[in-house]
Amino acid sequence: MPPSTSSDLTLSVNGEKYTLTVDHRTTLLDALRERLEMTGTKKGCDQGQCGACTVLLDGRRSLACLQLAVAAEGREVTTIEGVAEGERLHPVQQAFLDLDGFQCGYCTPGQICSAIAVIEEHAAGWPSAVTGDVRPQAGPPPLTPEEIRERMSGNLCRCGAYVSIVQAVARAAEETKGAAA
């Protein structure tokens with residue numbers, strides 16, 4: 001008998017458990033959109049180049065179009081639908097609204113998920129390609145517009161809302177830092 005090409009799996013998405021049967025080749029993006037009807041995560045290039053499908057996988061950025069659904073079992077998936085706390089928007093979402101960090105809005109869910117991870121990575125002291133002093137004892141570099149642009153460079157915006165996106169990430173980072181203090 002040939003081996004099965006599908007598996008039963010349980011995905012933890014936005015704090016909820018979902019059990020489904022998927023073909024082994026099903027991407028996390030397709031499982032989210034087509035099987036779980038969570039359409040906030042967008043399908044852009046389907047090649048991992050645009051960032052529209054960015055979700056958080058155990059708190060880290062992941063391109064859902066390149067991640068197999070079966071590989072996400074046992075991990076916590078957070079989509080744009082799960083970043084707010086009830087009716088209260090996440091600080092990144094609020095900053096995007098306040099500073100017009102979107103135009104058509106198609107890339108916005110991926111931009112927001114990526115920005116949440118960027119702020120956490122920066123706070124943890126992770127360097128980027130433009131970080132001047134990468135020694136651990138130097139601590140996190142200032143979150144300059146250059147740092148934000150480099151860290152967000154995997155997320156494309158066809159409308160060109162980059163100036164507002166950088167401002168929104170900077171504001172949310174300040175608010176997040178103030179809330180953590």
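FYI, the numbering just counts along the sequence from 1.
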same_hphob_cluster(Val83, Leu32) at 4.5 Å side-chain heavy-atom cutoff | no
Determine whether Leu99 and Val169 fall in the same hydrophobic cluster, where Ile, Leu, Val, Met, Phe, Trp and Tyr are linked whenever their side-chain heavy atoms lie under 4.5 Å apart.
-> no
Are Val13 and Ile80 connected in a single hydrophobic cluster, I mean Ile/Leu/Val/Met/Phe/Trp/Tyr linked by side-chain heavy atoms less than 4.5 Å apart?
-> no
Stepwise side-chain contact (heavy atoms from CB on, under 4.5 Å) test for Cys157 and Gln111 = CA-CA 9 Å; Cys157 174; Gln111 296 274 1; 3.9 Å; yes
Asp23 and Ser6 side chains, donor-acceptor separation under 3.5 Å | no
May I ask you to decide if Thr21's main-chain N or O and Arg35's side chain share a donor-acceptor pair within less than 3.5 Å?
-> yes
So which heavy atom on Arg151 is nearest to which on Pro141, and how close?
-> NH2-CG, 3.9 Å
More than 12 non-hydrogen atoms from neighbouring residues, nucleotides or ligands closer than 6.0 Å to CD on Gln137, yes or no?
-> yes
Quick one: pull up CG in Leu56 and CD1 in Ile116 and give me the separation to the nearest 0.5 Å.
-> 6.0 Å
Closest non-hydrogen atoms of Phe96 and Phe102, given as atom of the first, atom of the second and distance, are O-CE2, 3.5 Å
Euclidean distance, Leu11 CG relative to Leu20 CG, rounded to 0.5 Å | 5.5 Å
Looking only at heavy atoms, the pair that brings Glu147 and Ser128 closest together is OE1-OG, 2.8 Å
May I have the step-by-step check of side-chain contact (heavy atoms from CB on, under 4.5 Å) for Val118 and Ile148, ending in yes or no?
-> CA-CA 8 Å; Val118 160; Ile148 294 170; 5.6 Å; no
Minimum-distance pair of heavy atoms, taken over all atoms of Ala69 and Ala31 | CB-CB, 3.9 Å
Separation between CD1 (Ile165) and SG (Cys159), nearest 0.5 Å, reads 9.0 Å
So, does Thr27 use its side chain to make a donor-acceptor pair with the main chain of Asp30 at under 3.5 Å?
-> yes
Cationic N near anionic O, under 4.0 Å, Arg171 to Glu174 | no
Which value, rounded to the nearest 0.5 Å, describes the distance between Leu68 atom CG and Leu29 atom CG?
-> 12.0 Å
To the nearest 0.5 Å, what is the distance between SG (Cys113) and CD (Gln93)?
-> 8.5 Å
Are Gln94 and Glu175 close enough, and set up right, to give a side-chain contact (heavy atoms from CB on, under 4.5 Å), and what steps lead you there?
-> CA-CA 11 Å; Gln94 191 62 57; Glu175 290 177 15; 5.5 Å; no
Can you name the one residue among Leu28, Leu9, Thr26 that meets side-chain contact (heavy atoms from CB on, under 4.5 Å) with Val70?
-> Leu9
Does one side chain, of Thr79 or Asn14, offer a donor that lies under 3.5 Å from an acceptor on the other?
-> yes
Search all heavy atoms of Ser7 against all heavy atoms of His24 and return the closest pair with its distance.
-> OG-NE2, 2.6 Å
Look only at the side chain of Asn155 and the backbone of Gly110, and say whether a donor-acceptor pair between them is shorter than 3.5 Å.
-> yes
Separation of Glu81 CD from Thr41 OG1 (nearest 0.5 Å) | 5.5 Å
So, Tyr106 side chain and Lys43 main chain: donor-acceptor pair closer than 3.5 Å or not?
-> yes
Considering all heavy atoms, the nearest Lys17-Thr10 contact = CD-CG2, 3.9 Å
Do Ile112 and Leu57 share a hydrophobic cluster (ILVMFWY, side-chain heavy atoms under 4.5 Å, transitive)?
-> no
